[in-house]
Amino acid sequence: MNSLDAPAELDIFDRWLVTIEARFSIQIDANRQGAFKSALTRFVESIGMDLESLDERRKSGRVDAETWSMLLHLATNHETRFFRSLPANERIVKLCEGITSPRILSVGCSSGEEPFSIASALLDAGHPTFRVHGTDVSSVCINTAREGLYPRHEGVGLLAAAPTRGNKMRFHRFVREMVTFEEHNILQDRPVQLANPNIVITQNMLIYYRTDTRYEILDRLSAMLVPGGHLITGPGETLNWSHPFMTRIPNSNPNVFQRSVDV
Ligand SMILES: C[S@@+](CC[C@H](N)C(=O)[O-])C[C@H]1O[C@@H](n2cnc3c(N)ncnc32)[C@H](O)[C@@H]1O
């Protein structure tokens, strides 16, 4: 992680922006900075500090891992919902036809609704066994996802989850064993705990990154795929990205790219 100090002439909030962006290799979009400032200020007050005193603590290396996790969580947008993109889910089910035990990686999975939507759709399509692995930079989101407990959603059938008290549903244990989660920053070099996925999906995450960073992420995701595997992103998220061993499938919504079979 980069621990460069932000320029002293910036105001304290801007110094925190620079610090968090450098430490976690993320970019905080200009139109999210107001919301981040409010959330950051509320959080810092809730631990009896202000941005200046927390910065002093940071400079002497006394900010603990839990506080850093919360700062990162507050800096990123985690909006998600079950079956957010039906075309993407349908495409995944189609691509999994004929693969005995497909492996799907969902990058930037937030609190888990995307991986569990994919799992639910695969079960409904008759797939008894698969692996869906969700990764997110936010430990808060990953902890929520691992619980597998959500407000009930009509699209999630009884094959995948059971109703529980308080109008909630809990994904069955066997589903939670096939749908796994990992705190992971896709811009850092540690390998993801799912080797050779058949499909990598990332939606509504690339939009928070500048073009060059998006392209770097897309290169990394392509390199993870099994030969012949597919990369799926939301429409418009890949801009003019191209890659020597990835072929864009024309006219697809979502965006779909296929890795060459011979690399
Ligand atoms: C807006 S949510 C999208 C969730 C889900 N994919 C969907 O479409 O509903 C974006 C997620 O990407 C995560 N994220 C942002 N940068 C990341 C990175 N470098 N590595 C992994 N996850 C990241 C955020 O923490 C956030 O939970």
Side-chain angles (χ1 to χ4, degrees), residues 1-2 17 20-29 31-33 35-36 39-40 43 68-92 104-121 132-147 150-151 153 155-156 179-194 197 199-224 231-238 253-256:
M1 286 189 184
N2 192 335
L17 276 183
I20 290 172
E21 288 188 340
R23 184 178 173 98
F24 296 107
S25 313
I26 61 164
Q27 285 151 19
I28 304 167
D29 199 59
N31 63 24
R32 271 199 47 76
Q33 290 178 9
F36 175 48
L40 178 64
F43 167 67
W68 277 120
S69 281
M70 185 49 81
L71 295 177
L72 177 60
H73 177 73
L74 296 175
T76 39
N77 178 328
H78 308 286
E79 184 192 334
T80 188
R81 56 186 178 274
F82 283 102
F83 303 102
R84 184 175 190 173
S85 167
L86 281 175
N89 248 37
E90 284 162 5
R91 193 64 179 248
I92 289 174
I104 297 134
L105 176 64
S106 158
V107 173
C109 70
S110 189
S111 37
E113 285 84 340
E114 180 176 286
F116 279 121
S117 299
I118 295 168
S120 179
V132 185
H133 188 65
T135 66
D136 201 282
V137 78
S138 161
S139 60
V140 178
C141 285
I142 291 301
N143 289 339
T144 304
R146 284 188 176 132
E147 290 286 308
Y150 298 93
H153 188 284
V156 176
V179 183
T180 51
F181 293 97
E182 179 185 358
E183 183 186 332
H184 183 272
N185 184 344
I186 198 62
L187 284 163
Q188 290 170 353
D189 289 330
R190 179 168 62 80
V192 168
Q193 292 165 1
L194 180 78
I199 298 170
V200 174
I201 177 165
T202 186
Q203 298 184 104
N204 304 301
M205 180 193 80
L206 294 167
I207 47 174
Y208 299 104
Y209 288 96
R210 285 190 293 263
T211 304
D212 54 341
T213 314
R214 285 193 203 195
Y215 289 5
E216 181 189 339
I217 294 173
L218 290 162
D219 289 350
R220 283 170 179 252
L221 300 181
S222 306
M224 292 177 185
L231 170 64
I232 298 180
T233 79
E237 293 185 346
T238 56
N253 172 6
N255 282 328
V256 184

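This one's a predicted model, so the numbers in the text were calculated from it and none came from an experiment. Just so you know, ligand 1 is whichever comes first in the structure, and atom 1 is the first atom listed for that ligand.
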State the atoms of ligand 1, each with its element, that fall below the 4.0 Å cut-off from a heavy-atom position in [X].
{"X": "E79", "value": "1 (C), 2 (S), 3 (C), 4 (C), 9 (O)"}
{"X": "S110", "value": "4 (C), 27 (O)"}
{"X": "T76", "value": "25 (O)"}

Report the part of [X] in contact with ligand 1, treating N, CA, C, O as backbone and CB onward as side chain, heavy atoms under 4.0 Å; options are side chain, backbone, both, neither.
{"X": "V137", "answer": "both"}
{"X": "Q203", "answer": "both"}
{"X": "Y209", "answer": "side chain"}
{"X": "H184", "answer": "backbone"}

Requested in this report: Please name all residues satisfying side-chain hydrogen bond (donor to acceptor under 3.5 Å, both in side chains) with D212, sequence neighbours left out, ordered by chain then number.
Outcome: none
Looking only at distances, can you tell me whether any N or O atom of [X], backbone or side chain, sits closer than 3.5 Å to an N or O atom of ligand 1?
{"X": "G108", "answer": "yes"}
{"X": "E114", "answer": "yes"}
{"X": "T135", "answer": "no"}
{"X": "I186", "answer": "yes"}
{"X": "H78", "answer": "yes"}
{"X": "R81", "answer": "no"}

Requested in this report: Go through F116 and F83 one step at a time and tell me if the ring pair (Phe, Tyr, Trp, His ring centres under 6.0 Å) criterion holds.
Outcome: CA-CA 9 Å; F116 279 121; F83 303 102; over 10 Å; no
Requested in this report: Compute whether any side-chain donor of one residue and acceptor of the other, for T233 and Q203, lie under 3.5 angstrom apart.
Outcome: no
Report task. Answer yes if the side chains of S110 and D136 hold a donor-acceptor pair under 3.5 Å, and no otherwise. Result -> no
Nearest to [atom], what protein heavy atom do you find, and at what distance?
{"atom": "atom 9 (O) of ligand 1", "result": "T80 OG1, 2.6 Å"}
{"atom": "atom 27 (O) of ligand 1", "result": "D136 OD2, 2.7 Å"}
{"atom": "atom 19 (N) of ligand 1", "result": "N185 OD1, 2.8 Å"}
{"atom": "atom 26 (C) of ligand 1", "result": "N77 O, 3.1 Å"}
{"atom": "atom 7 (C) of ligand 1", "result": "R84 NH1, 3.2 Å"}
{"atom": "atom 8 (O) of ligand 1", "result": "N204 ND2, 2.7 Å"}
{"atom": "atom 23 (C) of ligand 1", "result": "M205 SD, 3.5 Å"}

Report task. To the nearest 0.5 Å, tell me how far L194 CG sits from T135 OG1. Result -> 10.0 Å
Report summary line: Here the gap from H133 atom NE2 to H184 atom NE2, rounded to the nearest 0.5 Å, amounts to 8.0 Å
Report task. Apply salt bridge (Lys or Arg N to Asp or Glu O under 4.0 Å) to the pair R190 and E182, showing each step before the final yes or no. Result -> CA-CA 12 Å; R190 179 168 62 80; E182 179 185 358; 2.7 Å; yes
Check this for me: does any side-chain nitrogen of one of [X] and [Y] sit under 4.0 Å from a carboxylate oxygen of the other?
{"X": "E114", "Y": "R81", "result": "no"}
{"X": "R220", "Y": "D189", "result": "yes"}
{"X": "E216", "Y": "R210", "result": "no"}

Report task. Please identify each residue that fulfils salt bridge (charged side-chain N to carboxylate O under 4.0 Å, His left out) with E113, with sequence neighbours left out. Result -> none
Requested in this report: Determine the minimum heavy-atom distance between M205 and E237, stating which atoms define it.
Outcome: N-OE2, 4.5 Å
